[in-house]
Amino acid sequence: MGDLLEKIRPQLNEQQLDAVTTADGPLLILAGAGSGKTRVLTYRSAYLIAECGVSPFNILAVTFTNKAANEMRTRMESLVGAAVRDMQVSTFHSFAARVLRRFGDKTGLGRDFTIYDEEDAVALLKQCMVDLNINPKAHSPRKVKEYISSAKDKMIGPDAYKATAASFFNKIVAEIYPRYQQRLQDSSALDFDDLLYRTVQLLTACTDVLESLQNKYRYIMVDEYQDTNHTQYLLVSKLAARYKNICVVGDDDQSIYGWRGADIGNILKFEDDFPGCKVVRLEQNYRSTQTILRAASNVVSNNCSRKSKTLFSKGELGDKIILLSTDDDASEAGAVADSIEDLIRTEKAPRSGIAVLYRTNAQSRAIEETLKKRFIPYTIVGGIRFYQRKEIKDSLAYLKIISNPKDIISFRRIVNYPSRGLGNVALAAIEAEAASKNLSPVELALVSNGDFLRSQARTGFLQLAGVVRSLITAKRDLPPDRYVEAAINISGVRAEVMTGDAIESESRKENLDELIAAVKEYCQQNPTAAIEAFLEEITLYTDVDSWDESADVVTLMTLHSAKGLEFPAVFITGLEEGLLPHSRSLDKDRDIEEERRLFYVGITRARNHLFLTYARSRRRFASAVSNESRFLAELPAETLRFVSAQKHASYPTQNMSASLPNTAVSADRYRHLAVGRWVVHPTWGPGRIIARQGADESTMIDVMFQYVGRKKLLAKYADLEVKDY
DNA sequence: GCACATAGTATTTTT
DNA sequence: TACTATGTGC
């Protein structure tokens with residue numbers, strides 16, 4: 001006793017220690033960026049176990065990503081050793097899946113349900129629309145899915161939805177929603193939202209289940225509480241209702257998932273939900289330099305709806321933030337690559353400490369191409385995920401129909417892949433025959449001789465039946481990893497992948513091998529686990545989960561994925577109106593504020609070096625022009641250093657001499673009037689250059705003046721004085 | 001029923 | 001720009 005406390009005490013400041021050692025009752029930790037909030041959560045769990053005699057069985061910690069869960073587990077292991085194994089640390093979704101499987105007999109779902117990822121769910125939804133004679137082209141299934149998701153997030157079922165549907169589109173959704181739920185049920189499948197929705201339903205309907213879980217999880221910790229949606233809120237508050245030992249950590253300034261139903265109100269009203277709750281503020285930042293923190297605070301202070309916090313840092317002042325203005329996306333990428341090379345050369349920065357962030361995945365392309373050309377090793381987090389690749393999903397579909405023969409989406413996926421001569425006509429016949437016998441198509445394959453089909457299709461169907469039988473035997477006789485390997489071969493997926501062009505098929509083949517290796521590794525770590533557990537884990541996997549942070553490469557990812565991470569050097573690219581803030585959020589103040597928080601999250605990822613870049617023109621669809629992001633004007637001038645990047649020039653980092661690149665600009669006599677510069681006009685006062693055209697006598701300068709708005713000026717005559725800093 | 005070509009369309013973030 | 005869906009020709 002006391003050992004752990006002695007050990008951790010010197011590592012914590014007063015507020016952190018206060019949070020860590022508050023054992024009982026509701027606790028709200030309002031934590032700023034870089035204040036060590038996940039660490040506090042971890043230490044608190046360890047404290048409960050080591051100092052308060054709480055059994056690890058009685059603690060539940062919920063996070064949003066597997067990565068966060070794993071990190072917490074690893075850290076705890078070093079504090080309390082093997083005891084972590086008995087503590088439940090999971091994501092919301094995997095926790096829900098676990099509860100639903102455990103109480104499968106009470107949900108009408110059984111234990112062997114399949115979880116549909118977004119792609120599967122949309123495919124099923126589209127099917128429902130076709131069934132109902134609703135043209136999927138007139139109303140995009142993805143949009144319908146969004147509406148259904150947001151209904152489920154609010155615990156609104158098909159009936160309630162129908163009752164309140166007002167708009168034209170709501171009414172269409174109301175028609176599809178019940179059918180979609182029915183078909184999910186028929187397929188013994190759940191979508192992501194269902195995991196939470198049905199768990200809350202279960203806890204509401206079965207008080208005995210609720211009570212037993214309340215008694216089990218006497219201590220509950222929730223990370224990133226600002227990102228919880230209504231169902232997640234209900235889930236944790238129901239679980240905590242009895243003992244009220246709930247500790248939530250969050251930062252309203254980092255709420256960036258509002259579009260997905262996250263309700264910032266949850267954290268704002270926590271004190272009302274749990275009266276007598278203790279509030280601890282963690283306002284000391286341990287991550288960033290003063291300069292970076294100052295810039296971040298200034299940006300986010302432009303938001304109206306927030307719990308105001310004053311972040312402070314005892315760290316060094318640090319270098320100025322570099323603002324790189326570039327011509328287009330290619331030169332932006334070039335400037336990023338130049339700066340990366342400089343960081344590596346002059347600062348001896350490891351590549352693993354450098355991240356390039358962007359708003360949309362599409363932006364990674366240009367950067368990727370440039371890094372490739374410059375031989376700068378990189379890795380991309382996100383984009384097309386491994387488990388979303390076609391050959392992988394095809395292989396998994398074979399595994400899924402064996403584990404859950406009712407899974408109609410997986411069946412449709414593989415019924416004619418590889419090609420067996422089973423087209424739309426045959427598929428319809430199979431489904432009709434199955435329905436008439438009250439079987440799923442896979443079950444039908446095991447009992448039917450195919451006599452309801454024409455000869456060619458019959459052969460194909462019998463072939464498929466043969467595959468199914470072999471897979472069932474293989475599953476019975478082989479350990480999971482060998483079974484997966486066998487399945488890839490038996491199904492014909494491997495052979496199919498080998499056809500087609502050589503480079504493509506080589507990489508597909510590698511992917512299949514990687515899948516086998518992944519199962520193998522999973523089996524080693526979970527020797528008793530069945531293949532179904534693996535299937536569940538990978539559908540609930542996220543991009544960041546698979547990110548190897550120790551690899552000596554530069555990391556590329558979206559701003560969203562970067563939340564919770566930190567890097568010595570960060571580039572935030574594409575700081576343009578329409579991109580950050582994104583065009584889809586321009587018309588609502590609320591959405592703009594969320595974009596601003598996204599920018600804030602990006603800035604606060606950086607420890608020492610921050611680079612902001614934007615392109616004066618960017619190829620998006622057809623055209624071209626872009627204006628610099630309004631958020632740049634919210635950065636305090638003295639935290640910035642402006643650099644106008646030119647193609648193929650080299651770009652100074654902070655500690656190199658202050659010389660601007662001059663190779664390409666020497667002919668430009670107005671180069672001091674670069675985009676982004678602050679200027680003062682004798683009549684109109686201070687303003688900022690937002691665009692310019694030309695580099696000769698007729699150069700036009702576009703200035704946004706602080707008091708009089710936007711003006712276009714001829715550089716030759718405009719008496720602009722550059723405010724230098 | 002299949003494969004290929006062409007046209008049209010959709011482009012934010014993701015558990 | 002890139003992918004998908006549809007249509008056409010076999």
Side-chain angles (χ1 to χ4, degrees), chain A residues 62-69 90-97 115-119 121-123 126 135-137 140-143 145-146 149 152-153 190-197 224 227-229 231-232 255-262 329 357-366 381-385 388 390 416-428 453-457 459-460 499-500 536-545 557-563 574 578-586 591 594-595 597-599 601-602 618-623:
Chain A
V62 206
T63 61
F64 276 84
T65 65
N66 296 291
K67 186 178 189 317
S90 15
T91 64
F92 272 100
H93 292 265
S94 61
F95 174 72
I115 301 167
Y116 280 170
D117 66 17
E118 207 55 28
E119 188 189 340
V122 168
K126 196 174 160 195
N135 185 1
K137 270 199 217 154
S140 106
R142 276 179 61 187
K143 197 176 165 204
K145 177 77 207 326
E146 250 172 60
S149 279
K152 286 181 181 173
D153 280 351
L190 298 178
D191 64 18
F192 286 143
D193 310 307
D194 280 338
L195 288 171
L196 302 164
Y197 177 71
E224 310 279 16
D227 286 334
T228 49
N229 64 26
T231 41
Q232 286 160 337
S255 163
I256 54 173
Y257 284 106
W259 53 275
R260 214 171 68 193
D329 40 7
L357 310 181
Y358 35 78
R359 175 68 233 260
T360 67
N361 277 311
Q363 289 167 254
S364 69
R365 200 186 192 84
V381 178
I384 311 132
R385 289 186 249 182
Q388 305 258 90
K390 186 181 178 310
N416 199 33
Y417 183 87
S419 173
R420 304 184 176 90
L422 299 169
N424 285 332
V425 177
L427 177 62
L453 290 165
R454 292 170 48 171
S455 68
Q456 192 194 6
T459 315
T499 65
E536 173 174 316
E537 186 165 310
I538 60 175
T539 43
L540 295 179
Y541 237 64
T542 65
D543 300 320
V544 255
D545 295 337
M557 66 173 104
T558 63
L559 287 158
H560 281 88
S561 317
K563 197 178 69 168
L579 214 47
L580 184 66
H582 194 268
S583 51
R584 287 224 181 170
S585 55
L586 292 180
D591 295 345
E594 183 152 314
E595 296 288 307
R597 289 193 292 266
L598 193 52
F599 184 39
V601 166
R618 184 179 297 272
R619 267 185 316 230
R620 292 235 296 156
F621 330 124
S623 71

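Just so it is clear, the model here is predicted, and its values are computed rather than measured. All chains are named by letter (A, B, ...) in the order of the sequence lines, taking the proteins before the strands, and each is independently numbered beginning at 1.
- Rounded to the nearest 0.5 angstrom, A/K390 NZ and A/E119 CD are separated by 10.0 Å.
- Each of B/dT13, B/dT14, B/dG1 was ranked by its minimum atom distance to the side chain of A/S561; first place goes to B/dT14.
- Judged by ring centres under 5.5 Å apart and planes tilted less than 30 degrees, A/F92 fails to stack against the six-membered base ring of B/dT15.
- Closest heavy-atom contact between A/I256 and A/D227: N-OD1, 3.9 Å.
- With rounding to whole Å, A/L357 atom CG is found 14 Å from B/dT13 atom P.
- At a cut-off of 3.5 angstrom, counting only N and O atoms as typed in the model, there is no donor on one side facing an acceptor on the other between the side-chain of A/R365 and the base of C/dT1.
- The aromatic ring of A/H93 does not stack onto the base of B/dT15, failing the criterion of a centre distance under 5.5 Å from the six-membered base ring together with planes under 30° apart.
- At whole-Å resolution of the value, OH in A/Y417 and P in B/dC2 are 14 Å apart.
- Checking B/dG1, B/dT13, C/dA2 against the side-chain heavy atoms of A/N361 singles out B/dT13 as nearest.
- Considering only side-chain atoms of A/R584, the nucleotide from B/dT15, B/dT14, B/dT11 that sits closest is B/dT11.
- Rounding to whole angstrom units, CD of residue A/Q363 and P of B/dT11 are separated by 16 Å.
- In this structure, a donor-acceptor pair under 3.5 Å is absent between the side chains of A/E146 and A/S149.
- A distance of about 22 Å separates the C1' atoms of B/dT13 and C/dT4, rounded to the whole Å.
- The nucleotide whose nearest atom lies closest to any side-chain atom of A/K126 is, among C/dA5, B/dT13, B/dC2, C/dA5.
- Nearest to the side-chain atoms of A/E118 among the listed nucleotides B/dT15, B/dT14, B/dT12 stands B/dT15.
- Proximity note for A/H560 (side chain, C-beta onward) versus B/dG1, B/dT15, B/dT13: the nearest is B/dT13.
- Residue contacts for A/N416: at a heavy-atom cut-off of 4.0 Å it reaches the sugar-phosphate backbone alone, with no base atom in range.
- In this structure, of B/dT12, B/dT15, C/dA5, it is B/dT12 that holds the atom nearest to the side chain of A/H582.
- One finds a side-chain N or O of A/T558 lying less than 4.0 angstrom from the OP1 or OP2 phosphate oxygen of B/dT14.
- At whole-Å resolution of the value, CG in A/L580 and P in B/dT13 are 13 Å apart.
- Counting only heavy atoms from C-beta on, A/R142 has its side chain closest to B/dT11 among B/dT11, B/dC2, B/dT13.
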